[in-house]
Enquirer: 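The structure follows.
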Number of protein chains: 2
Amino acid sequence: MITIYDIAAKAGVSAMTVSRVINNTGRISEATRKRVRKVMEDLHYIPNSMARSLVLQKTNILSLLITDITNPFYTTLARGAEDAALRAGYRLLFANSDEDYTKEKGYVDMILSTRVDGVLFAPTGDQSLENLQQLQKHQIPFVVLDREIPGIEADLVLGDSKEGARKLVDHLIALGHRRIALINGSPDVSTARLRYTGYREAHLLSGIPIEDSLVVHLNYRDFHDESALDALLSHENPPTAIFAANNMLAVGIIQSLRQRGLQVPGDLSVVCFDDFGPAGAINPFLTVASQPAYQFGLLGMQLLIDRIEGDPSQELRKMILPSELLIRTSTQPLKEEPWIQT
Amino acid sequence: MITIYDIAAKAGVSAMTVSRVINNTGRISEATRKRVRKVMEDLHYIPNSMARSLVLQKTNILSLLITDITNPFYTTLARGAEDAALRAGYRLLFANSDEDYTKEKGYVDMILSTRVDGVLFAPTGDQSLENLQQLQKHQIPFVVLDREIPGIEADLVLGDSKEGARKLVDHLIALGHRRIALINGSPDVSTARLRYTGYREAHLLSGIPIEDSLVVHLNYRDFHDESALDALLSHENPPTAIFAANNMLAVGIIQSLRQRGLQVPGDLSVVCFDDFGPAGAINPFLTVASQPAYQFGLLGMQLLIDRIEGDPSQELRKMILPSELLIRTSTQPLKEEPWIQT
DNA sequence: CTGTTAGCGCATTCAA
DNA sequence: TTGAATGCGCTAACAG
């Protein structure tokens, strides 16, 4: 491996001079600068960032921790995070928790030993508290994405889950639906709680009673869990519409409905949070509350970098990004005779 | 920051003993081992992997370079790569070239300065040759994914583009189509060339003449380019079916067709390479040649790790993964009267 | 403008 | 079984 000493020797200067040329620090005569540059090119020299990190106590690496890389919401978010990081000269250490707390914990250990300069952290749920505290203990700056964690004070980029849920449910109610099931994420996750709140509020404001048996909790990635749907469909007075708390759940639900010979929206209307990215554009079908995923990543990363490079004692920032109701063809007005009676 | 010296001092041993405890090397009495362990926990000690890398000349970081993170094919691939890397104890440095050679080059520089142990490299095209040679020059092991690069000898994981293309075109021909357009990727990309070859072969074997004006080239990410479609649709004798060389192109094509009031498959049948992952499962619509994306990542990463940890002089391996024809509803038998005549 | 010294945190080599 | 010296590649601080 070529080092600055190799360059120094060949250029007839000291290693320090080479270092100065590389970093454009100090005053160097144009002559030696050129000479050093030439030797660096001839020898295909590339600085060793590990050695640099060790002495500077700064790695120029940020970690992006997301919960599901197969979810278009997070890949679009990652794209935004990448843009912001690259622009500021940071490298990205990748982590994907799969909505699994244990895997998340493993990644936090990795992050700690890598001495990254900061973490853009999409937590799996309230249990992530410990992992976040671990980062705090080691003074790693972080920004929390998408889900608020009780007990953690940090910069935050969230969607407006309550408002988005209200829009979705209001839409269903406006179509005449009165029995609307909520297939929610775990109550351990703030977005799931808020989506439930929005669901409740929409009902309350319309004077429609809430029925607990129409509300079920899954994991956001359990999109092949059938039991919840079984219970709902065998209900004595089944729902006419389903609100899936995120896009992956909606995928599973629609597949299951089809397997049972039920049509969407013919038999049941379905709505969900989060859109499907380019892949979903082929056949825009689901009525969704679309969140600005790219902005989540971009703004989150900008907050993180600002926290690292700017005044670290500045007060915490909390950004709440609105979601947009996109009405498509998975919803239709309530029919007089719901499917169950046929 | 806590170092092994802090631990050593508190435990009343030398730093070397601490190092041995951490790495389980050498012989250490159970008593001191326990004492050291205790102190490490009390002080929340975490080894500094940068320092470790510097002395060991091994970072335990691998880089995954993909060309489009918003494409489900690559995210699923990334998921496979992640699994294999994690299992073997490697961290993942993320890179997304956006099908852009210049961006790819930037990431290669980053990879070089990071001194990663290896790269799982999905090249943008033949021009990636220089970037790959750059890695070779610096002795960074790599495995090439998805696209073969003339001039580069390396471990390789490819799909069977020719065969997949043949299956797709054969399917269209079997449905009665004779005028099949190919909207291809850049001829600079091996998969595009092979898909064209498969397209040709299918025609030849069926005795159907090829018409050059039905073959156009785009970039795999140019899924909003309208000009190619304009040309095809204003053709004096337009196609009745379209073969899009990848899923992202298909998305753009179908959107454009819809905007022009044309129905798929009513007016034109459409097929493409690569499926759409979970997001596409909502409404399986496009007839595709589905490639085993997860396997691409998993096998590629396994080859890479084996190349790094195993015998480095072993001969090169080339894996060709088959694709599967999934017939769905974007294709239908040729109608007597194509849309253009109405 | 340039060089010398020292040290970032750790592991290898050689001694004890 | 343990420790001391040394160096991985680089840069900050100080000297000249």
Side-chain angles (χ1 to χ4, degrees), chain A residues 1-37 39-40 43-61 91 109-117 138-140, chain B residues 1-37 39-40 43-61 109-110 112-117 138-140:
Chain A
M1 171 182 291
I2 313 284
T3 74
I4 50 172
Y5 287 96
D6 300 319
I7 309 292
K10 197 141 187 226
V13 295
S14 77
M16 202 48 228
T17 301
V18 178
S19 173
R20 289 195 179 100
V21 170
I22 294 170
N23 298 294
N24 274 314
T25 58
R27 272 164 233 312
I28 306 234
S29 76
E30 201 48 43
T32 60
R33 180 190 307 278
K34 268 194 177 157
R35 193 150 34 89
V36 170
R37 283 252 164 79
V39 176
M40 294 198 322
L43 268 49
H44 304 297
Y45 170 74
I46 300 215
N48 183 326
S49 68
M50 295 292 158
R52 213 154 181 284
S53 298
L54 194 59
V55 41
L56 292 182
Q57 301 286 47
K58 176 155 185 2
T59 55
N60 268 293
I61 296 178
R91 295 167 284 174
D109 288 343
M110 179 201 85
I111 283 165
L112 254 18
S113 74
T114 306
R115 303 293 196 268
V116 301
D117 296 333
H138 291 271
Q139 320 229 47
I140 311 283
Chain B
M1 171 182 291
I2 313 284
T3 74
I4 52 172
Y5 288 97
D6 300 319
I7 309 291
K10 196 137 188 231
V13 295
S14 79
M16 202 43 233
T17 302
V18 178
S19 174
R20 289 196 180 98
V21 170
I22 293 170
N23 298 295
N24 274 314
T25 57
R27 275 165 229 312
I28 305 230
S29 77
E30 201 48 42
T32 57
R33 182 191 305 278
K34 268 193 176 158
R35 193 150 35 91
V36 171
R37 283 253 164 78
V39 176
M40 292 197 325
L43 266 50
H44 304 297
Y45 170 73
I46 300 212
N48 183 326
S49 67
M50 295 291 158
R52 218 158 177 281
S53 300
L54 194 58
V55 40
L56 293 183
Q57 302 285 48
K58 174 154 181 13
T59 55
N60 268 292
I61 297 178
D109 288 344
M110 178 201 85
L112 253 20
S113 74
T114 307
R115 302 293 195 269
V116 301
D117 296 334
H138 291 271
Q139 320 229 47
I140 311 284

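Residue numbers begin at 1 in each chain, while the letters A, B, ... track the order of the sequences.
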Enquirer: Who passes side chain to side chain contact (heavy atoms under 4.5 Å, CB included) against B/R115, sequence neighbours left out?
Expert: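 Residues passing side chain to side chain contact (heavy atoms under 4.5 Å, CB included) with B/R115: A/M1, A/I46, A/N48, B/T59.
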Enquirer: Test of understanding: with side chain to side chain donor-acceptor pair (under 3.5 Å), list the residues that count as partners of A/S14, not counting sequence neighbours.
Expert: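 Testing A/S14 for side chain to side chain donor-acceptor pair (under 3.5 Å), a comparison that skips the adjacent residues, returns A/T17.
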Enquirer: To 10°, what angle do the rotation axes through the five end pairs on each side of the helix from C/dC1-D/dG16 to C/dA16-D/dT1 form?
Expert: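 Between the first-five-pair axis and the last-five-pair axis there is 40°.
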Enquirer: What pairs with A/K58 under side chain to side chain donor-acceptor pair (under 3.5 Å), at least two apart in sequence or on another chain?
Expert: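 Listed in chain order: A/Y90, A/D117.
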Enquirer: Please, which pairs that meet salt bridge (Lys or Arg N to Asp or Glu O under 4.0 Å) have at least one residue in residues 10-25 of chain A, sequence neighbours excluded?
Expert: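 Listed by first then second residue: nothing to list.
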Enquirer: Quick one: side chain to side chain contact (heavy atoms under 4.5 Å, CB included) partners of A/Q139, sequence neighbours excluded?
Expert: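 Once residues adjacent in sequence are excluded, A/Q139 has no partner under the side chain to side chain contact (heavy atoms under 4.5 Å, CB included) criterion.
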Enquirer: Tell me, do B/R33 and B/N24 make a side-chain contact under 4.5 Å, heavy atoms counted?
Expert: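 B/R33 reaches B/N24 side chain to side chain.
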Enquirer: Apply side chain to side chain donor-acceptor pair (under 3.5 Å) to B/R37 and list each qualifying residue two or more places apart in sequence or on a separate chain.
Expert: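 B/R37 satisfies side chain to side chain donor-acceptor pair (under 3.5 Å) with no other residue.
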Enquirer: For DNA chain D, note the earliest and the latest nucleotide, 5' to 3', having some atom under 4.0 Å of a heavy atom belonging to chain B.
Expert: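 Listing 5' to 3', DNA chain D meets chain B from D/dT1 to D/dG9.
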Enquirer: My understanding is that only residues two or more places apart in sequence, or in another chain, count here; which of them pass side chain to side chain contact (heavy atoms under 4.5 Å, CB included) with A/H44?
Expert: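 With neighbours one apart ignored, the set is B/K137, B/H138.
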Enquirer: Would you say the side-chain atoms of A/S49 and A/R91 include a donor-acceptor pair closer than 3.5 Å?
Expert: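 A donor-acceptor contact under 3.5 Å links the two side chains.
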Enquirer: Could you run through nucleotides 9-16 of chain C and give me one letter per nucleotide, 5' to 3': B if any protein heavy atom sits under 4.0 Å from the base, S if only the sugar-phosphate is that close, - if neither?
Expert: BBBBB---
Enquirer: Classify A/T32 by what it touches in the nucleic acid, base, sugar-phosphate, or nothing, heavy-atom distance under 4.0 Å.
Expert: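 The residue A/T32 makes sugar-phosphate contact but no base contact.
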Enquirer: B/R52: what forms a side chain to side chain donor-acceptor pair (under 3.5 Å) with it, not counting sequence neighbours?
Expert: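 Side chain to side chain donor-acceptor pair (under 3.5 Å) check on B/R52 returns B/N23.
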